[in-house]
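A short worksheet on the structure shown next.
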Amino acid sequence: MRSNEIKEGFDRTPHRSLLRATGLKDEDFSKPFIGVANSFIEIIPGHFFLNKVAEVIKDEIRANGCVPFEFNTIGVDDGIAMGHDGMLYSLPSREIIANSIETVMNAHKLDAMIAIPNCDKIVPGMIMGALRVDVPTVFVSGGPMEKGYTKEGTPIDLATAFEAVGKHETGEITDEELLDIECNACPSGGSCSGMFTANSMNTLMEAMGIALPGNGTILALTPERTELYKKAARRICEIAKSEASEREKYRIRNILNENAVHNAFAVDMAMGGSSNTVLHMLAIAKEAEVDFNLSDINAISKRISHIAKISPSLSTVHMEDINKAGGVNAVMHEMMKRGNNILADSLSITGETLYEKVKNAEITDTNIIHTVDNPYSEVGGLAILYGNLAEQGAVIKTAGITGERVFTGTAICFNSQDEAIEGILAGKVKAGNVVVIRYEGPRGGPGMQEMLSPTSLIMGMGLGDKVALITDGRFSGATRGASIGHVSPEAAEGGLIGLLEDGDEIHIDVDQYILQANLSDEVIAARRANFTPLIKPLKSKWLKQYRALVTNASAGAVLEAE
């Protein structure tokens, strides 16, 4: 066992002495040591109860002949950090989380790990850290929250709350209606109830084979979720106690490989996940040493039917509905009816191939999960656009488009999210505009803020199908509309988005994968000759470090120290 390095031999007497101080007995030193990586934090709705989840998991680990050691990572709630400079810390937190997993697991030579994430950057951060450590690892998330309801019985969620601000601004809803939404949009603990970033990533972990069935859809704080925690704990102990060859088989890099990355993107397309999944899966692929590029995504999208439409794309359907309709396994089984959309012989942490895991899963409600013969769209729910405005790519969640898929409009430019919010509220954005929000990329922001506030205002003010928005920042999974993010190269590194002026004509064609500024080469060259990127001043030492090391979005916004 890996942990023998800290517990075997006379020269490890001091190490064992320290371990005894934590409560270990003689009989414990022959057992596998399991790291329980928790992301408990009291300010995040999806995490405030994870301390109790860890107790369930640790009890089950002990009952199955292993020794658990719980440790924690940090977390940022993107919804609470939204709309102010707190969001600058959201994406950078992914790197801290990955570093903390690597640090604790390798410093103490733990044999295996069970990871308990749930929301936003925490899921990919934990996966990235686990890939660096490369021991058998089971992921089991806290689970999604229930959808909320207004007093009238209309299903609502966090996206409703953000869009309600815009509706209130235009007088469409009253103070009383706004308060009703505020009090009922997030009715319980768990990751926000739609196919936002958290639930997108929790779902994709099933597709990658690193989590058990139901991880993305079984509601938080339910007996069914508690049983999933116990199953995950039992499974990691089975692996950790097995022969060395078996433990080697289930090292995370042997599961999260090129096939797993493909399957994650395929399921992402079928279920219309958050555009943030592109950013995170690129970073995960890099940690897994999988050769996967942004340009590969469209090739997958072209042959994947979009068969599950979930809030914010369809506001009445939430994760609990997907669970009742058959869950992610049913989605994958349906996808297998169309050739090699899912690489079915991929190994799962359950010990089965993906095919064996999903072969008996069936859709129980085709109004919620469509068949491949009756999809919402013949192509996937995400697309990568290219053109002179995005030479290295830009991302759009096609599943969330509310207007036309071809749009030509005139630019109205803002050099920050705050400027954009002020301009939208002041009525500067009109039908036919392409809202340009720049200097919010990984380096320019820094930290690549999510633009949920501007997009929600646009939707709430009735402009969702009349304008488009492009940014070198990114979007919340709760965003909908013609919203294009991750524009690369970003403004801070000299991308054309930084040269745009009010009134410039911008052409978007989603089906042809085009994002183009209708400017001549001569005009672009003249502007570039006089262009100096805006560098926002920073006080934070951490954000200065991040800005110096981060790559742009087309490379996953990972840190490069070399």
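All residue numbers in this chain count up from 1 along the given sequence. Only heavy atoms go into these numbers, but all of them, side chains included; no hydrogens, no water, no symmetry mates.
- Side chain of Ser3 to main chain of Leu110: no donor-acceptor pair is present (N/O by atom type, distance under 3.5 Å, no hydrogens or angles).
- Although no hydrogens or angles enter the test, the distance criterion places no donor-acceptor pair under 3.5 Å between the side chain of Glu246 and the main chain of Ile239.
- Atom OH of Tyr355 sits in a sparse spot, with 12 or fewer heavy atoms from other residues, nucleotides or ligands closer than 6.0 Å.
- To the nearest 0.5 Å, atom CD1 of residue Ile304 and atom CD1 of residue Ile297 are 12.5 Å apart.
- The line from CG of Asp268 to OG1 of Thr277 is 3.5 Å long, rounded to the nearest 0.5 Å.
- A distance of 8.0 Å separates CZ of Phe49 from NE2 of His47, quoted to the nearest 0.5 Å.
- Residues Thr364 and Lys324 form no side-chain contact, since every pair of their non-hydrogen atoms from C-beta on lies 4.5 Å or further apart.
- Pairing each heavy atom of Arg94 with each of Ala557, the nearest pair is NH2-O, 3.0 Å.
- In terms of the side chain to side chain donor-acceptor pair (under 3.5 Å) criterion, Asn259 has no residue partners (sequence neighbours excluded).
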Set out, in order, the CA-CA distance, both residues' side-chain angles and the distance that settles side-chain contact (heavy atoms from CB on, under 4.5 Å) for Ser93 and Ile74, then state yes or no.
CA-CA 8 Å; Ser93 75; Ile74 66 164; 4.0 Å; yes
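- Nearest approach of Val140 to Ile57, heavy atoms of both residues: CG1-CD1, 3.9 Å.
- Scanning both residues, Ser141 and Met205, for their nearest heavy atoms gives OG-CE, 3.3 Å.
- Between Val317 and Lys309, the closest side-chain pair of non-hydrogen atoms is not below 4.5 Å.
- Using a 4.5 Å heavy-atom cutoff, the side chains of Pro136 and Ile252 are not in contact.
- Between Lys52 and Glu55 there is no salt bridge, since no side-chain N of the basic residue sits under 4.0 Å from a carboxylate O of the acidic one.
- Asn215 contributes no side-chain N or O that, together with a main-chain N or O of Leu212, makes up a donor-acceptor pair within less than 3.5 Å.
- Not one N or O on the side chain of Glu60 forms a donor-acceptor pair closer than 3.5 Å with the backbone of Lys231.
- Listed here is the closest heavy atom pair of Pro213 and Leu228: O-CD1, 3.5 Å.
- Judged by distance alone, with hydrogens and angles left aside, the side-chain atoms of His280 form no donor-acceptor pair with the main-chain N or O of Leu282 at under 3.5 Å.
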Can I get a per-line list of side-chain donor-acceptor pairs under 3.5 Å for residues 114-124, giving both atom names and the distance, sequence neighbours left out?
| from | atom 1 | to | atom 2 | distance (Å) |
| --- | --- | --- | --- | --- |
| Asn118 | OD1 | Gly142 | N | 3.1 |
| Asn118 | OD1 | Gly143 | N | 2.9 |
| Asn118 | OD1 | Asn202 | ND2 | 3.3 |
| Asn118 | ND2 | Gly46 | O | 3.0 |
| Asn118 | ND2 | Gly143 | O | 3.1 |
| Asp120 | OD2 | Asp78 | N | 3.4 |
| Lys121 | NZ | Asp78 | OD2 | 2.4 |
| Lys121 | NZ | Ser90 | OG | 3.4 |

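- Checked against Met195 for a side-chain contact (heavy atoms from CB on, under 4.5 Å), the options Ser311, Ser200, Ser274 give a single hit: Ser200.
- Summarising the local packing, CD of Glu42 is surrounded by 12 or fewer heavy atoms from other residues, nucleotides or ligands at distances under 6.0 Å.
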side-chain contact (heavy atoms from CB on, under 4.5 Å) assessment of Asn276 paired with Phe475
CA-CA 7 Å; Asn276 279 322; Phe475 298 108; 5.9 Å; no
Stepwise, does the side-chain contact (heavy atoms from CB on, under 4.5 Å) test hold for Lys359 with Met336?
CA-CA 9 Å; Lys359 65 182 179 181; Met336 287 180 186; over 6 Å; no
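- Under the 3.5 Å distance criterion, the side-chain polar atoms of Glu490 are matched with a main-chain donor or acceptor of Arg443.
- Atoms CG and CG, from Asn254 and Leu347 in turn, are 8.0 Å apart once rounded to the nearest 0.5 Å.
- With hydrogens and angles disregarded, a donor-acceptor distance shorter than 3.5 Å links the side chain of Thr398 to the backbone of Gly380.
- Ion pairing between a basic and an acidic side chain is recognised when a charged N comes within 4.0 Å of a carboxylate O; Asp59 and Arg62 show such pairing.
- Ring-plane geometry between Phe69 and Phe33 is classed as perpendicular, the angle between the planes exceeding 60 degrees on a 0 to 90 degree scale with a lower cut at 30.
- At least one donor-acceptor pair under 3.5 Å links the side chain of Arg474 to the backbone N or O of Met448.
- Applying the 6.0 Å contact sphere to NE2 of His15 captures more than 12 heavy atoms from other residues, nucleotides or ligands.
- Ion pairing between a basic and an acidic side chain is recognised when a charged N comes within 4.0 Å of a carboxylate O; Asp157 and Lys147 show no such pairing.
- Using a cutoff of 4.0 Å between basic side-chain nitrogens and carboxylate oxygens, Glu243 and Lys249 are not scored as salt-bridged.
- Among residue pairs with one or both ends in residues 1-24, those qualifying as salt bridge (charged side-chain N to carboxylate O under 4.0 Å, His left out) are Arg20-Asp26; sequence neighbours excluded.
- The neighbour count for Glu70 CD, taken as heavy atoms of other residues, nucleotides or ligands under 6.0 Å away, is above 12.
- Counting heavy atoms from C-beta outward, Ile310 and Met271 have side chains that approach closer than 4.5 Å.
- Residues Leu91 and Tyr546 have side chains in contact (heavy-atom distance under 4.5 Å, counting atoms from C-beta outward).
- Side chains of Cys186 and Leu158 form a contact here, defined as non-hydrogen atoms less than 4.5 Å apart.
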Before giving the answer on side-chain contact (heavy atoms from CB on, under 4.5 Å), spell out for Ile369 and Glu334 the whole-Å C-alpha distance, their side-chain angles and the decisive distance to 0.1 Å.
CA-CA 9 Å; Ile369 302 173; Glu334 186 65 21; 5.6 Å; no
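- Two residues are said to be in side-chain contact when any heavy atoms from C-beta on lie closer than 4.5 Å; Lys31 and Asp28 meet this criterion.
- Side-chain contact between Tyr89 and Ser540 is present, with heavy atoms from C-beta onward closer than 4.5 Å.
- Side-chain N or O atoms of Asn199 include one that pairs as donor or acceptor with a backbone N or O of Cys192 at under 3.5 Å.
- Defined by atom type and a distance below 3.5 Å, a donor-acceptor pair is missing between the side-chain atoms of Asn293 and Ser295.
- What you find for Lys241 and Asn64 is that their closest heavy atoms are NZ-O, 3.0 Å.
- To the nearest 0.5 Å, atom OG1 of residue Thr73 and atom CD1 of residue Ile97 are 5.0 Å apart.
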Could you check Thr353 against Asp345 for side chain to side chain donor-acceptor pair (under 3.5 Å), going step by step and ending with a plain yes or no?
CA-CA 5 Å; Thr353 65; Asp345 60 349; over 6 Å; no
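- A donor-acceptor distance shorter than 3.5 angstrom exists from the side chain of Ser348 to the backbone of Thr350, with no hydrogens or angles considered.
- In plain terms, the two heavy atoms of Arg225 and Leu219 that are nearest each other are CB-O, 3.2 Å.
- Rounding to the nearest 0.5 Å gives a distance of 4.0 Å between CE of Met451 and CD of Glu440.
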